[in-house]
Engineer: 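Let me begin by handing over the structure; questions about it come next.
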Amino acid sequence: QVQLVESGGGLVQAGGSLRLSCSASGRTISSYGMAWFRQAPGKEREFVARISWNGGSTYLANSVKGRFTISRDNAKNTVYLQMNSLKPEDMAVYYCARESSAIPGTYDYWGQGTQVTVSS
């Protein structure tokens, strides 16, 4: 079992920045792809960013390209999401997730989420 805990959310003005962290415990995540998703009120959960197990490959949703960066520190068992130039439409609960090794592209462990609020 692995437990994922997100932190770093909060209230920020439009144009501001936040860095989210996803810390894993129980088992290492160093061999797994990791991703961030978000869900705004009344909307479906949507993909934000993914990073490969060694950080060598990243992929971001078009809506956040050029503004968000995903990174990881396997020594700390932690994944990050740096969010710059935040917009009101980025407001959501952000979740990190571990990619399944059995079925790539699906996610088998999720954190509880951290709220990001962007004021205009």
Side-chain angles (χ1 to χ4, degrees):
Q1 290 280 359
V2 61
Q3 293 79 42
L4 302 175
V5 178
E6 301 94 338
S7 62
L11 172 64
V12 63
Q13 286 189 329
S17 298
L18 283 174
R19 187 176 84 153
L20 305 184
S21 299
C22 172
S23 297
S25 62
R27 297 187 68 176
T28 178
I29 57 170
S30 60
S31 301
Y32 296 86
M34 296 292 295
W36 288 93
F37 291 80
R38 66 186 181 186
Q39 187 167 22
K43 294 189 176 181
E44 302 257 331
R45 184 171 59 197
E46 65 172 346
F47 168 83
V48 175
R50 178 198 177 272
I51 189 167
S52 61
W53 69 274
N54 63 353
S57 174
T58 61
Y59 182 78
L60 292 100
N62 287 335
S63 59
V64 305
K65 275 182 185 176
R67 301 187 298 120
F68 290 13
T69 305
I70 186 171
S71 61
R72 67 190 300 161
D73 185 338
N74 284 342
K76 294 183 178 180
N77 228 20
T78 301
V79 179
Y80 304 98
L81 185 69
Q82 178 67 43
M83 307 187 295
N84 299 328
S85 302
L86 282 160
K87 303 176 181 180
E89 51 263 44
D90 295 318
M91 185 161 60
V93 177
Y94 282 72
Y95 301 89
C96 68
R98 191 190 80 168
E99 188 171 22
S100 168
S101 59
I103 310 175
T106 67
Y107 296 86
D108 53 7
Y109 287 96
W110 295 79
Q112 83 292 345
T114 186
Q115 175 71 49
V116 171
T117 302
V118 184
S119 63
S120 56

Engineer: Is a side-chain donor or acceptor of Ser30 paired with a backbone partner of Thr28 at a separation under 3.5 angstrom?
Structural biologist: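 No.
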Engineer: Whether the side chain of Asn74 engages the backbone of Trp53 through a donor-acceptor N/O pair (distance < 3.5 Å, no angle test) should be reported.
Structural biologist: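 Confirmed, Asn74 side chain pairs with Trp53 backbone.
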Engineer: How far does CG of Leu18 sit from CD of Gln82, to the nearest 0.5 angstrom?
Structural biologist: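 Reported to 0.5 Å precision, the distance equals 8.5 Å.
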Engineer: What distance do Asn77 atom CG and Leu4 atom CG have between them, rounded to the nearest 0.5 Å?
Structural biologist: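 Answer rounded to 0.5 Å: 9.0 Å.
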Engineer: Any chance you could measure Tyr109, atom OH, to Arg27, atom CZ, to the nearest 0.5 Å?
Structural biologist: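 The OH atom of Tyr109 sits 7.0 Å away from the CZ atom of Arg27.
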Engineer: Hey, what's the ring geometry for Phe37 with Trp110, parallel, tilted or perpendicular (30° and 60° as the breaks)?
Structural biologist: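 The rings of Phe37 and Trp110 sit tilted, inter-plane angle from 30° to 60°.
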Engineer: Distance check, rounded to the nearest 0.5 Å: Ile29 atom CD1 versus Arg72 atom CZ?
Structural biologist: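 The CD1 atom of Ile29 sits 5.0 Å away from the CZ atom of Arg72.
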Engineer: Give the cluster check for Phe47 versus Leu86: same hydrophobic cluster or not, with ILVMFWY residues linked at side-chain heavy-atom distances below 4.5 Å.
Structural biologist: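 In one cluster: no.
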Engineer: Would you compute the distance between atom CG of Leu60 and atom CG of Leu81 and round it to the nearest 0.5 angstrom?
Structural biologist: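 Interatomic distance, Leu60 CG to Leu81 CG, rounded to 0.5 Å: 7.5 Å.
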Engineer: Does the side chain to side chain contact (heavy atoms under 4.5 Å, CB included) test come out yes or no for Arg67 and Met83, once each step is laid out?
Structural biologist: CA-CA 6 Å; Arg67 301 187 298 120; Met83 307 187 295; over 6 Å; no
Engineer: At what distance, to the nearest 0.5 angstrom, does CD of Gln3 lie from OG of Ser23?
Structural biologist: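 If I round to the nearest 0.5 Å, the distance is 12.0 Å.
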Engineer: Linking I/L/V/M/F/W/Y whenever their side-chain heavy atoms sit closer than 4.5 Å, directly or via other members, would Val12 and Val64 fall into one cluster?
Structural biologist: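 Yes, Val12 and Val64 fall within the same hydrophobic cluster.
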Engineer: Can any side-chain N or O of Glu99 pair as donor or acceptor with the backbone N or O of Tyr107 at less than 3.5 Å?
Structural biologist: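 No, Glu99 side chain to Tyr107 backbone: no donor-acceptor pair under 3.5 Å.
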